[in-house]
Structure formats: structure tokens, C-alpha cells
Amino acid sequence: MTGGPPVVLDAMGGDHGPVETVAGAVAAWRAHGMPVVLVGARDRVERELRGHGALGEIAVVHAEDAVPMAAPGAAAAARTTSSLAVGCELVRRGEGGAFVSAGSTGAVVSCAVRGIGRAGGVLRPALAVALPALTGGASVLVDAGATADPSPAMVAQFALLGAGYARTVLGRDDPVVGLLSIGSEPGKGNRLTRRAGDLLAGLPVRFHGNIEGHDVLAGTVDVIVTDGFTGNVVLKNVEGCVRTALTMVARAGIASPDRLTEVARHYDPETHGGAALLGLRGTVVVAHGSSPAATIARACVVAHALAEQDPAAGIEAAAAEPVA
């Protein structure tokens with residue numbers, strides 16, 4: 001059994017909650033000894049637990065409401081009796097070590113900011129996703145979808161958050177930061193990117209300068225910084241391109257199915273479990289909305305590991321650096 005506070009899981013979140021979320025919680029508990037608290041409509045959650053023969057094994061906290069996947073973030077934060085709000089409140093009170101949801105990213109971000117709170121000095125939280133690189137390691141993409149229209153100061157601070165994540169979670173002593181743009185030369189990009197680049201040059205990070213789209217999986221830098229709109233497009237484009245390329249290779253018979261499956265696993269959401277929401281006073285992991293049980297279980301494991309490593313302290317210190 002894994003020690004520490006339990007992971008709080010939004011049982012109603014995602015396209016398949018509570019069916020897949022409850023199954024994921026059961027898998028996390030039975031396969032990994034991961035203590036989980038399920039938050040949602042008690043009757044529906046307990047019905048699913050009963051179907052797995054797990055009623056009484058996993059704690060359930062009732063929430064009267066569930067936030068629809070299409071609900072905007074501001075409306076979600078106003079629903080104080082939702083599974084999102086109740087789950088975040090449990091983490092804020094210290095009754096859970098981390099919060100996991102497969103709900104709408106905007107809704108999770110809004111509820112987490114309201115219920116758990118931003119770390120000191122953080123302007124806006126950002127989603128971090130570790131992408132496998134050709135070098136054999138991983139690069140952190142930040143922001144992967146939390147803040148679609150940030151200011152240049154926010155983008156510059158995303159670099160600080162991403163560098164803190166790379167140090168504490170990936171073990172990079174002096175992470176290299178690159179700003180995603182349409183050209184590697186200084187001054188390339190739109191107004192947001194150009195201004196963010198100016199700010200990054202004055203921050204205490206190892207700034208590589210601009211990088212381009214073909215650098216995302218190359219391992220050119222440890223941290224890839226961009227706005228949440230672009231980052232989310234990049235993330236889904238990577239997933240789609242990998243699926244397409246592997247399908248074409250499989251049809252051509254160039255590689256064995258086992259080898260293709262091994263490569264695909266590096267890019268599967270089940271492998272990384274979800275995206276860490278950085279810049280909060282607690283650990284939050286956002287899983288893909290269509291996550292099956294295996295991905296939910298993995299997200300719980302990842303969230304527990306992040307909470308145990310306590311990256312928040314280093315990230316908060318980094319984010320406190322002034323951004324003009």
C-alpha cells in the first residue's frame with residue numbers, strides 16, 4: 001500500500017464518468033495500492049463500485065452536481081456543489097494529497113484556482129505535459145491548454161513554472177528553455193511571442209531562444225514554452241501525427257506490430273496519465289476527457305508521485321521572480 005494522503009478523483013468527470021473513472025480508481029487501488037477518494041453522486045458511484053466488488057474498499061464523498069464537459073470555466077467555478085468544487089476543497093483542507101479530473105480543462109482550471117488557490121506570485125496556472133524526445137529523454141510542453149490568451153508576462157512566467165517542473169520532476173539541474181515560434185531567429189513571431197522573448201531574455205533561466213515546430217520532439221530544449229491555445233494544438237497534432245505515421249508504417253509492413261505498439265506507448269495518454277496543472281498550492285492532474293479506466297489509474301499514480309515529490313515549493317519560488 002502506498003503511503004501519504006489519498007488522491008481525490010472526480011468520479012463524474014470526463015466523457016465516461018463514473019463508469020471508467022470508478023474502474024480506474026479500483027485499478028489504482030488494487031494494482032498499485034493507491035488510496036483514492038471518489039467524489040460524485042453517491043448512488044451512481046457506489047453502484048459502479050458494487051459492480052467491481054469494491055464497495056467499502058474506496059471512500060466516497062458525495063457531490064450533488066456535476067459540471068458538463070461543455071460548461072465554460074467561469075460557470076463551472078460558480079457551481080460550488082459540483083464534484084470538481086468538492087474535490088478541490090478536499091485538497092485545500094489537506095484531506096487529499098492531489099486532485100485528478102478528466103473533466104473539461106477550462107472547468108478544472110477555474111475550479112482549482114478558486115478552490116485550491118494559486119501559489120504565491122503566480123499570474124495564471126499552466127498545464128505541463130512531458131513529451132518523449134528523440135534524445136531518449138523528455139521535453140516539457142507548457143502551457144498545453146490552461147490559458148488560451150495569456151499576456152507576455154504570463155508566457156514568460158510559464159517558462160519559470162516549466163523550468164521548476166523540469167528540475168523537480170524530470171531531474172534537470174539546469175533546464176534549457178525554448179520559446180515556440182515560426183522561426184528560430186530573434187524577433188520572429190507574433191507580438192505576443194516577440195514580447196515574451198524579450199522578457200525571457202531577462203529572467204534567471206537558461207534561455208535558448210526561439211524554437212520551431214520541428215523541434216518539439218527533437219529534444220532541442222528541456223522546456224517548450226507557448227500560449228495555451230498553441231500548446232493544445234501542438235499536443236493534439238503530435239498525438240494525431242504519431243497515430244497516422246504508425247498506421248502507415250503498419251500497413252506497409254515495415255515493422256513488427258509489437259515494435260509499433262512499443263513506440264506508440266510512448267505517446268499514449270495512458271503512459272503519462274495526464275497534464276500537471278502548475279502554479280497552484282496543491283497538486284492537480286488533468287486527464288484526457290475520453291480517458292478509459294487504465295488512463296485514469298495512471299493519472300492517479302502520477303498525481304500521487306507529484307504530490308510526494310512536492311514540486312510546488314520549487315515552482316512557487318521560481319514563479320516569484322519578477323516579470324516586468
Quiz item: Are Glu239 and Lys236 within salt-bridge range, i.e. N to O under 4.0 Å?
Solution: no
Quiz item: At what distance, to the nearest 0.5 angstrom, does CG of Asp149 lie from CE of Met154?
Solution: 10.0 Å
Quiz prompt | Short side-chain to backbone donor-acceptor contact, Gln157 and Leu123, under 3.5 Å | solution = yes
Quiz item: Between Ala287 and Ala299, what is the shortest heavy-atom contact and its length?
Solution: CB-CB, 4.3 Å
Self-check item: Among Val39, Ile58, Ile296, the one residue meeting side chain to side chain contact (heavy atoms under 4.5 Å, CB included) with Leu9
Solution: Ile296
Quiz item: Under 3.5 Å, side chain of Asn210 to main-chain N/O of Gly183, donor-acceptor pair present?
Solution: yes
Quiz item: Between Glu212 and Lys188, is there a side-chain N and carboxylate O pair less than 4.0 Å apart?
Solution: no
Quiz item: Looking at side-chain heavy atoms only, is the closest gap between Val155 and Thr226 below 4.5 Å?
Solution: no
Exercise. Spell out, as yes or no, whether a donor-acceptor pair under 3.5 Å connects the side chain of His32 to the backbone of Met34.
Key: no
Self-check item: Within-4.5 Å side-chain heavy-atom neighbours: His304 and Glu308
Solution: yes
Practice problem: Examine Val129 and Val238 and state if one hydrophobic cluster contains both, with Ile, Leu, Val, Met, Phe, Trp and Tyr joined whenever side-chain heavy atoms are less than 4.5 Å apart. | Solution: yes
Quiz prompt | CG-OG distance between Asp215 and Ser139, expressed to the nearest 0.5 angstrom | solution = 9.5 Å
Quiz item: side chain to side chain contact (heavy atoms under 4.5 Å, CB included) with Leu38: which of Val8, Val26, Leu49, Val7?
Solution: Leu49
Exercise. Please answer whether the main-chain N or O of Arg172 pairs with a side-chain N or O of Arg167 as donor and acceptor at a distance below 3.5 Å.
Key: no
Quiz prompt | Check: Asp143 side chain, Asp227 main-chain N or O, donor-acceptor pair, under 3.5 Å | solution = no
Quiz item: Do you know the tightest heavy-atom contact between Leu277 and Pro125?
Solution: CD1-CB, 3.8 Å
Quiz item: Side chain of His208, backbone of Val221: donor and acceptor closer than 3.5 Å?
Solution: no
Quiz prompt | Any donor-acceptor N/O pair, Thr244 side chain to Gly240 backbone, under 3.5 Å | solution = yes
Self-check item: Check ion pair Arg93-Glu89 (N to O, under 4.0 angstrom)
Solution: yes
Practice problem: Measure the spacing between CD1 of Ile254 and CG of Leu246 and express it to the nearest 0.5 Å. | Solution: 11.0 Å
Quiz item: More than 12 non-hydrogen atoms from neighbouring residues, nucleotides or ligands closer than 6.0 Å to CD on Glu64, yes or no?
Solution: no
Quiz item: Any side-chain heavy-atom pair from Glu95 and Val37 closer than 4.5 angstrom?
Solution: no
Quiz item: Do Asn190 side-chain atoms and Thr193 backbone N/O form a donor-acceptor pair below 3.5 Å?
Solution: yes
Quiz item: OG1/Thr147 to CZ/Phe229 distance, rounded to the nearest 0.5 angstrom?
Solution: 14.0 Å
Practice problem: Give a yes or no on whether Val249 and Val242 share a hydrophobic cluster (residues Ile, Leu, Val, Met, Phe, Trp, Tyr; joining criterion: side-chain heavy atoms under 4.5 Å apart). | Solution: yes
Quiz item: Hey, what do you get for CZ (Arg47) to CG (Leu55), rounding to the nearest 0.5 Å?
Solution: 12.0 Å
Exercise. Would you check if Val108 and Leu84 make a side-chain contact, meaning some heavy-atom pair closer than 4.5 Å?
Key: yes
Quiz item: Would you say Val91 and Cys88 make side-chain contact, with heavy atoms under 4.5 Å?
Solution: no
Quiz item: Can you list the residues that meet the side-chain hydrogen bond (donor to acceptor under 3.5 Å, both in side chains) rule with Ser83, with sequence neighbours excluded?
Solution: Asp10
Quiz item: Applying the 4.5 Å side-chain criterion to the ILVMFWY set and letting contacts propagate, would Val19 and Val100 be lumped into a single cluster?
Solution: no
Quiz item: Atom CZ of Arg206 and atom CG of Asp173: how far apart are they, to the nearest 0.5 Å?
Solution: 10.5 Å
